[in-house]
Amino acid sequence: MNIPFLDNWRKRQGGTQSGTLAAAVEADPDGVAELLAECELLRVRAGQQGLELDDTPASLTALDQLPPRWRDDPEELPWLGNDAGLYLGTVIVRTVPGAAWDIWPSGQPVVRLESGREIDVVSAGLDWAMAGSPELSQVYAESAEN
């Protein structure tokens, strides 16, 4: 999986690719959470439409209400969807007690809830970006219930 923020993380690790994201989550969960929260493309596109993303559940609702202009650019769509998923995960991790980032063996970042349930936030973000469903706020609400 090509995740743009990993380049920043690798630079902080001395420029090598030998470290894995899973090991980084164990060694420095706050640092990885900070990198996952960057979501630069999503933040820029939301800002262009007058929405400042503040890592709250209300911002997910506001994102759901934006006109999906990103669908006009098929090359940008997967990147924006990836960022939307990472942003969704960031909001969950920061606001749902016991939620934390985890990494599947494939390298996919997911959110693990206190109940043990795992949420593939990147897939949810991609689905949202491409089809508008499920809404990010809906995925958040379901996560907050557990």
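Owing to the predicted nature of the structure, the values given are computational and were not obtained by experimental measurement.
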What salt bridge (Lys or Arg N to Asp or Glu O under 4.0 Å) pairs are there with at least one residue in residues 122-140, not counting sequence neighbours?
none

Is it true that atom CD of Gln49 has more than 12 heavy atoms of other residues, nucleotides or ligands lying nearer than 6.0 Å?
yes

Point-to-point distance, once rounded to the nearest 0.5 Å, from CD of Glu76 to CG of Asp83:
9.5 Å

Measure the shortest side-chain to side-chain distance between Leu63 and Leu53 over non-hydrogen atoms and say whether it is less than 4.5 angstrom.
yes

Under the ring-ring contact (aromatic ring centres under 6.0 Å, His included) rule, collect the residues that match up with Trp101, sequence neighbours excluded.
none

Can you tell if the side chain of Asp30 reaches within under 4.5 Å of the side chain of Asp28, non-hydrogen atoms only?
yes

Can you list everything that forms a side-chain hydrogen bond (donor to acceptor under 3.5 Å, both in side chains) with Asp64? Sequence neighbours excluded, please.
Trp128, Ser137

From CD (Glu75) to CG (Leu80), nearest 0.5 Å:
14.0 Å

Taking only Lys NZ, Arg NE, NH1 and NH2, and the carboxylate oxygens of Asp or Glu, determine whether Glu52 and Arg43 approach each other closer than 4.0 Å.
no

The complete set of salt bridge (Lys or Arg N to Asp or Glu O under 4.0 Å) pairs with one or both residues in residues 88-99, sequence neighbours excluded, reads Asp55-Arg94

Going through the distances and angles, do Gln48 and Arg69 end up as a side chain to side chain contact (heavy atoms under 4.5 Å, CB included)?
CA-CA 11 Å; Gln48 290 171 338; Arg69 293 186 180 124; over 6 Å; no

Mind listing the closest non-hydrogen atom pair of Thr95 and Val91 along with its distance?
OG1-O, 2.6 Å

Residue pairs passing the salt bridge (Lys or Arg N to Asp or Glu O under 4.0 Å) test with at least one member in residues 104-126, sequence neighbours excluded, are Asp102-Arg112, Arg112-Glu118

Please say yes or no: joined through hydrophobic side-chain contacts below 4.5 Å, possibly via intermediate residues, are Tyr87 and Trp79 part of one cluster?
yes

Sub-4.5 Å side-chain heavy-atom contact between Leu36 and Pro109:
yes

Does a side chain donor of either Thr61 or Tyr140 reach within less than 3.5 Å of an acceptor in the other side chain?
no

Shared ILVMFWY cluster between Leu88 and Val93, side chains joined below 4.5 angstrom?
yes

Heavy-atom check, side chain of Leu66 versus side chain of Leu51, under 4.5 Å
yes

With side chains defined as the heavy atoms from C-beta onward, is the minimum distance between Leu77 and Pro74 less than 4.5 Å?
no

Flag side-chain contact, heavy atom, 4.5 Å: Ile119 against Leu113
yes

With sequence neighbours left out, the residues meeting side chain to side chain contact (heavy atoms under 4.5 Å, CB included) with Glu142 are Gln138

Answer yes or no: is there a side-chain heavy-atom contact under 4.5 Å between Val139 and Val121?
no

